[in-house]
Amino acid sequence: MSNTPKTWHAKSFWERNRKSGGYLLRSTSKRAIVNILRALLMFGLCFMILQPILSKISISLMSEKDIYDTTVIVLPRNPTTLNYTLTSHLMSYPTALMNTILISFITAVLQVAACTLVGYGFARYDFPLKRIWFACVILVIIVPPQVISTSLHVNFRFFDVFGIFNAIQGQPLNLRKTITPYLLMSMTCMGLKDGLYIYMLRQYFRGVPKSLEEAAYVDGCGSLHTFVRVMLPDALPILTSCFLFAFVWQWTDIFYSNTFMGTATLLSGELSRIAMRLSQYMADTQNASGSSVSIARQQQIIGTGVLMSTFPLIILYIFAQRGFVESLSMTGIKM
Amino acid sequence: MAKKKHVRTMRSKNAVTGYLFILPFIIGFLMFMLKPMAQSLMFSFEKVTPGLTGFTETFVGIQNYKFALTGDPDFPRFLVEEIGTMVTNSLATLVLSFVIAVFLNQKFKGRTFVRAVFFLPVILSSGVLFGLETNNDLMQSISTVANESGVNLTGTLEDILRLSGIGTRAFSVVFEIINGVYDIIMASGIQIIVFLSGLQTISPSMYEAADMEGCSRWESFWKITFPMVSPLLLVNCIYTIIDFFMKSDSENGVLDRISEVMLANLDYGLSAAMSWIYFGVAIALIGITSFIISKGVHYYE
């Protein structure tokens, strides 16, 4: 018994190949070619995704002289961190970072909390007009925020609920440039991509066996209690996924922040204004008239800004990669 | 009798609890979706002038729509361009993300790393970053420097191919696609996840059975893999189109024009009309594609 595999292994590749009539050689070489091609393709695509980040890192470390030097391609000749200091100053980085973290965190928590409730309601309870309300969720997913942005803009500029504020203060509230619109919209599932989260969570809860809750009901647990104590702990991976997406998308969003917050100090907003700031700064410090900033220099600063504002996200992604990817595909969500 | 009554109360209790659970959505939908949508629809038929304590509206009929489509210098051109790029980009995104998902589902060394890299665009390609990326590509500045010294390899190659005189048009299409690969990869993170989760639900025993019957890898790809993930094709197609339409990066001329009209010109009526035209086009495209795809989708129960 133990002898047979040994003698089989002892035969040389060519001998085995001859015995199989050339089949072994063909299949082995075919597999090798497929593997090499796949490796090439994967390497190329990965390189393409990572290359902009890597080149930004190398360029952000170059001094201004190095950018114009055609012999400097990847490694800076005079490495400097001055670009980071300048960009940090231009973006008011510490304030922007704190504000962005705060707003992204609060809105993400509120969004996930609200969407979980709603998703659970859609997955487990039967109520009249359920189909219509779910169609509304789909509508929320497919209506671009731009369509309603005009009137939301006006709505928050002259905010009022049934004329209450008008009666008390004599005029409607101006909620623009405050955080209130964000909070209101996240709490009521109308934030950035909330329809998608509702859909995902509903699909997840539909896949959980009903017997879990039935057992809880039999033991005398109420609806809300069952939801919090029995369903939520199991749903932690998918909740993390949703939270991470909400956090990251809020972080990089510019549309909502521009519409509602105006000129608040947020990373995304600061980033989009950085080019303007730079030429202003140059004009102020060097007493030069007009646009004295070269395109290359401007790109360098913008690149550094992009790096600095995505850096926290990349760190988060490295640590929570499983939360982003694996849990989403492991829960077997059929969208 | 008593039993019947019990059933009814249980159901109504369920209905009440269900409504309580989805209450946040209902409030939000009515306040921040339905109301603004109705208002925006109304705006699009009116001339709106903002004042200090509110805004005054005058009904002007379909004048805004007429102006957006025939009077505005940029809007119609942007809209047509947008639809064109959307069609080619969506097709390319679907094909590419499917191929990548198939590859990522195979076993090879460093798979975890490759997966992590492919999903990186999901967090990096959204919002402002994407806009800056495409608009002010760092490579652009390098290539201007490189151009001056005359060592631009791809540019020279393009020139040579162009000057060789064979089918200039065909080459420009090829260049466009090659240049667009980066954008497409950056936009296909979610689609890859969706396809991948679909691929993982296919049971290996199906492939085994096919293998036993003498089915080649190529055949089992088309007979098993493709039909099994075809429902996800529909989902991904819709997602891609929506994603493309909502992308508020600087390449999207239509959305730029809309917010320009709204924020700079303060012409709320015209901008609302433009948004509705845009939305209408999006809905029509989604409808057409889902109709076509749903005919060929195979549902495995």
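The sequence lines fix the lettering, A, B, ..., with proteins before strands; numbering per chain opens at 1.
With sequence neighbours left out, the side chain to side chain contact (heavy atoms under 4.5 Å, CB included) criterion links A/I315 to A/F311, A/F319. Every residue meeting the side chain to side chain contact (heavy atoms under 4.5 Å, CB included) condition with A/L110, not counting sequence neighbours, appears here in chain and number order: A/I106, A/L183, A/S186, A/M187.
Put simply, CG on A/L45 and CG on B/L96 are 6.5 Å apart, with the number rounded to the nearest 0.5 Å. For the atom pair CD1 of B/I22 and CG of A/L129, the computed distance is 9.0 Å after rounding to the nearest 0.5 Å. To the nearest 0.5 Å, atom CD1 of residue B/I283 and atom CG of residue A/L139 are 7.0 Å apart. One finds the CD1 atom of B/I100 at 7.0 Å from the CG atom of A/L41 (value rounded to the nearest 0.5 Å). Rounding to the nearest 0.5 angstrom, the gap separating the CZ atom in B/R11 from the CZ atom in A/F127 is 14.0 Å. Distance CG/B/L120 to CG/A/L50: 6.5 Å, rounded to 0.5 Å.
Atom CZ of A/R38 is surrounded by more than 12 heavy atoms from other residues, nucleotides or ligands within 6.0 Å. Residue A/F47 qualifies as open at atom CZ: its count of foreign heavy atoms under 6.0 Å is 12 or below.
Across every non-hydrogen atom of B/M33 and A/M190, the tightest pair is CB-SD, 4.1 Å. The heavy-atom pair separating A/C189 from B/F25 by the smallest distance is CB-CD1, 4.2 Å.
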(message) Evaluate A/R124 against B/T17 for side chain to side chain contact (heavy atoms under 4.5 Å, CB included), listing each step before the verdict.
(response) CA-CA 10 Å; A/R124 274 299 190 264; B/T17 332; over 6 Å; no
(request) With side chain to side chain contact (heavy atoms under 4.5 Å, CB included) as the test, would you mind laying out the steps for A/T188 and B/I27 before giving the verdict? (result) CA-CA 6 Å; A/T188 52; B/I27 296 174; 4.2 Å; yes
(request) In sequence, state the C-alpha distance, the side-chain angles, and the governing distance for A/L196 and B/Y239, and then conclude on side chain to side chain contact (heavy atoms under 4.5 Å, CB included). (result) CA-CA 10 Å; A/L196 197 64; B/Y239 183 84; 4.1 Å; yes
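Contact count versus chain A (heavy atoms, under 4.5 Å) is highest, among B/I185, B/L41, B/I26, for B/I26. Among the candidates B/V117, B/V16, B/V114, the residue making the largest number of heavy-atom pairs closer than 4.5 Å to chain A is B/V117. Ranking B/F108, B/F32, B/F21, B/Y19 against chain A, the residue ahead of the rest is B/F21, based on heavy-atom pairs under 4.5 Å. Of the listed residues A/C136, A/G305, A/G121, the one with more heavy-atom pairs under 4.5 angstrom with chain B than any other is A/C136.
Looking at A/F122, the atoms closer than 4.5 Å to chain B (heavy atoms on both sides) sit in the backbone and in the side chain alike. When heavy atoms are compared at a cutoff of 4.5 Å, A/F227 approaches chain B solely by way of its side chain, counted from C-beta outward. Heavy-atom distances place the side chain of A/I53, and not its backbone, under 4.5 Å from chain B.
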